[in-house]
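This report refers to the structure that appears directly beneath it.
As the structure lists them, so they are numbered: ligands from 1, and atoms in each ligand from 1. A quick note: this is a predicted structure, and the numbers were derived from the prediction, not measured.
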Amino acid sequence: MSQADVLQNYINGEWRDANASDYLDVMNPATAERLAQVPLSSGHDVDRAAQAAAAAFKTWRRTPPTQRVQYLFRLKVLLEEQFEDLARTITMECGKTLAEARGELQRAIENVEIACGIPMMMQGTNLEDIATGIDEIMIRQPLGVAATIAPFNFPGMIPFWFMPYAIACGNTYIVKPSEKVPLTMQKVFRLVDQLGLPKGVLNLVHGSKEAVDAILDHPAIRAISFVGSTPVARYVYSRAAANGKRMQCQGGAKNPVIILPDADLDTTTRITADSAFGCAGQRCLAASVAVTVGEAKQRYTEAIAQAATDRVVGNGLDEQVQMGPVITPQSRTRIEQLIQQGADEGARVLVDGRSPNLTGCEQGNFVRPTILQDVDPNSAIAHTEIFGPVLSLIHVKTLDEAIALINSGQFGNMACLFTSSGAAARKFRYEAEAGNIGINIGVAAPMAFFPFSGWKDSFFGDLHGQGQHAVEFFTQTKVVVERWREDWSRQF
Ligand code: NAD
């Protein structure tokens with residue numbers, strides 16, 4: 001491996017070697033080929049980035065919003081020009097298929113587009129004559145330095161839920177990608193380098209826990225957006241909130257889909273298979289439990305078992321492949337152990353994806369789609385995030401029972417219903433305790449102009465990522481009450 005394969009941080013408009021004591025190999029999960037080495041940056045690197053961002057903030061916040069968004073218009077063009085190369089990079093380091101990689105990049109670009117509307121979105125409110133001759137206005141001002149700490153499963157999209165809004169609102173920013181998939185952001189920052197942004201407005205720091213802790217404790221960093229597993233989200237939220245920072249932390253999930261007997265079987269099967277097995281089940285909005293109601297059980301069980309068996313698994317760079325590997329050998333082992341745990345707790349492994357024999361993919365971290373049938377709703381596996389291509393089937397008699405079951409869970413990221421009944425759909429939308437709801441939709445991912453609304457242990461904070469919520473998160477309100485009496489000044 002040459003020096004060029006060791007990634008660098010991007011701080012104050014320059015590529016710099018990290019002050020790292022350790023490095024990790026970045027691996028292609030489909031082939032076990034080493035792609036690069038990522039530095040585990042120190043607190044010193046975070047401090048440099050935070051200081052550069054703090055210095056840049058002084059002039060960036062005074063740059064008119066109409067000028068700030070010009071850099072984002074340029075970034076959109078560059079992202080579109082490099083779209084295929086970025087998609088291939090996502091597939092190579094993360095394992096998902098090219099179609100899935102293109103999909104996440106598309107959502108990243110949509111967030112850039114929406115953030116270009118900041119001159120409208122960032123406006124405040126006002127009211128004349130709150131009392132006689134007195135007016136009141138509310139203006140939004142940027143916070144200062146903000147940062148994002150990202151997970152491995154959407155290396156091209158998740159930083160874009162936050163970063164474009166943050167800088168368009170006048171903040172300066174630090175991105176800390178997942179150390180498992182640092183290459184996509186490395187390439188995005190090569191594009192950032194071409195934008196002509198003032199130095200220090202956008203910074204990239206690679207690393208893991210040491211860098212994260214330094215971000216959580218740094219006095220210059222005012223706000224942090226975290227996305228990852230629930231235990232780490234809870235830790236990050238608590239530590240940074242105790243330091244007085246504004247926080248939004250998106251955590252893990254265990255997403256249920258309910259299938260009523262009146263649902264269109266073909267559509268439901270196709271959509272729920274895509275949800276459970278797309279991105280090898282490594283989506284925070286992946287269907288993880290299918291709850292069949294009444295007569296839906298038998299027909300759905302047969303159909304989803306067939307869909308699981310038929311799924312084409314392999315290297316995501318092959319356009320024919322429908323599902324790639326999971327991220328690491330450790331993930332594969334954990335998923336296989338959880339399948340066994342389900343069996344030990346009484347479930348039947350109806351389709352078993354463990355130890356697949358995939359010609360040409362012998363070195364990769366593959367688990368084929370797996371179906372656990374007759375999962376006990378009270379078993380641990382019914383409530384554990386597997387984060388792999390495993391769908392648990394649970395059967396109940398009524399919609400009320402199904403809703404009670406999903407509301408008893410710890411997480412609240414997404415819940416979906418498949419039905420042709422408007423009344424059932426309305427009841428579900430009204431009663432289900434999850435922040436993202438799908439009705440005849442398998443992955444209810446909010447568009448860039450809606451908030452990504454996790455609930456319960458899937459989210460810690462108040463304001464979510466994307467759209468208007470992001471604008472509110474990255475600004476602080478200032479209220480001005482004004483009295484200007486005419487008899488105080490010269491009359492004209
Ligand atoms: P993770 O929690 O292991 O890592 C996320 C980030 O936290 C990484 O940048 C990592 O470097 C850092 N980190 C990890 N351990 C840490 C520690 N002990 N102290 C400080 N920092 C630490 O998550 P992951 O495995 O990369 O991602 C998968 C998880 O993310 C799943 O649980 C998934 O549900 C969740 N996720 C949630 C959403 C959502 O919108 N709710 C979206 C995507 C992923």
Side-chain angles (χ1 to χ4, degrees), residues 22 24 26 29 38-41 43 46 93-96 100 104 107-108 111 147-162 174-182 184-185 204-217 224-240 247-255 278-288 326-328 330-331 334-335 338 384-388 409-414 434-436 443-446 450-461 464-466 469-470:
D22 209 354
L24 287 184
V26 183
V38 62
L40 301 187
S41 300
V46 170
E93 68 174 347
C94 185
K96 61 181 64 176
E100 290 163 347
E104 75 158 284
R107 181 58 48 84
N111 273 287
T148 194
I149 300 163
F152 80 80
N153 62 333
F154 283 92
M157 174 181 75
I158 286 179
F160 283 92
W161 287 350
F162 314 108
I174 301 169
V175 175
K176 205 297 284 173
S178 164
E179 64 278 20
K180 294 180 185 132
V181 291
T184 306
M185 273 301 123
L204 174 72
V205 177
H206 292 294
S208 59
K209 183 168 173 53
E210 189 179 344
V212 171
D213 286 348
I215 290 171
L216 304 182
D217 293 343
I224 300 172
S225 307
F226 171 90
V227 183
S229 59
T230 288
V232 182
R234 189 179 272 119
Y235 161 74
V236 163
Y237 183 75
S238 316
R239 181 159 171 167
M247 299 300 294
Q248 50 181 193
C249 297
Q250 302 186 205
K254 183 80 181 175
N255 302 305
C279 299
Q282 300 173 119
R283 255 192 304 225
C284 66
L285 296 180
S288 182
V326 298
I327 189 72
T328 56
Q330 293 78 7
S331 285
R334 185 182 47 79
I335 293 161
L338 286 168
T384 305
E385 181 178 39
I386 300 176
F387 221 56
Q410 162 196 7
F411 299 106
N413 217 30
M414 179 187 83
N436 300 296
V443 180
F450 282 94
F452 197 105
S453 295
W455 281 19
K456 296 163 88 174
D457 278 0
S458 298
F459 183 72
F460 302 88
H464 297 87
Q466 299 197 141
H469 270 222

Enumerated ligand 1 atoms positioned under 4.0 Å from heavy atoms of E179:
10 (C), 11 (O)
Under 4.0 Å from one or more heavy atoms of W161, ligand 1 contributes atoms 40 (O)
Under-4.0 Å heavy-atom contact with ligand 1, by part of Q282 that carries it:
neither
If I apply the N/O under 3.5 Å rule, does F152 come out as touching ligand 1?
yes
Under 4.0 Å, heavy atoms only, figure out whether ligand 1 is touched by the backbone of Y235, its side chain, both or neither.
side chain
According to the interplanar angle, ranging from 0 to 90°, do the rings of F460 and Y237 count as parallel (below 30°), tilted (30 to 60°) or perpendicular (above 60°)?
tilted
shortest atom 39 (C) of ligand 1-to-protein heavy-atom contact is with C284 SG, 3.3 Å
Could you verify whether a donor N or O on one side chain and an acceptor N or O on the other, from S208 and E179, lie under 3.5 Å apart?
no
Considering the heavy atoms of F452, write down every atom of ligand 1 situated less than 4.0 Å from one of them.
40 (O)
Checking the N or O distance criterion of under 3.5 Å, is ligand 1 in contact with E385?
yes
Measuring from atom 35 (C) of ligand 1, which candidate in G228, A150, P151 has the nearest non-hydrogen atom?
G228
Under 4.0 Å, heavy-atom basis, I'd like to know which part of N153 is in contact with ligand 1: side chain, backbone, both or neither.
side chain
Contact with ligand 1 for G454, non-hydrogen, under 4.0 angstrom
no
Is at least one protein non-hydrogen atom found at under 4.0 angstrom from atom 25 (O) of ligand 1?
yes
With a 4.5 Å heavy-atom cut-off, do N255 and V443 have their side chains touching?
no
Per atom 37 (C) of ligand 1, closest listed option by heavy atom (S229, A286, G251)
G251
Minimal heavy-atom distance between N111 and F160, with the atoms involved, is CB-O, 3.1 Å
Is there at least one pair of N or O atoms, one from D213 and one from ligand 1, spaced under 3.5 Å apart?
no
Can you find a side-chain donor-acceptor pair between Q282 and N153 that sits under 3.5 Å?
no
Would you mind running through ligand 1 and noting each atom that sits below 4.0 Å from a heavy atom of K176?
8 (C), 9 (O), 10 (C), 11 (O)
With backbone taken as N, CA, C and O and side chain as the heavy atoms from C-beta onward, which portion of V232 lies under 4.0 Å from ligand 1: side chain, backbone, both, or neither?
side chain
Less than 4.0 Å between a side-chain N and a carboxylate O, is that true for E104 and K96?
yes
Going by the closest heavy atom to atom 5 (C) of ligand 1, which one wins out of N436, V227, L216?
V227
Taking only non-hydrogen atoms of F411, do any sit less than 4.0 angstrom from ligand 1?
no
What do you reckon, does I158 put a non-hydrogen atom under 4.0 Å from ligand 1?
yes
Give a yes/no on ligand 1: does F154 have at least one heavy atom closer than 4.0 angstrom to it?
no
Of the side chain and backbone of T230, name the one, both, or neither that has a heavy atom under 4.0 Å from an atom of ligand 1.
neither
Any idea which part of F226 is under 4.0 Å from ligand 1, heavy-atom wise: side chain, backbone, both or neither?
side chain
Below a 4.0 angstrom heavy-atom separation, can you tell me which part of N413, side chain or backbone, both or neither, approaches ligand 1?
side chain
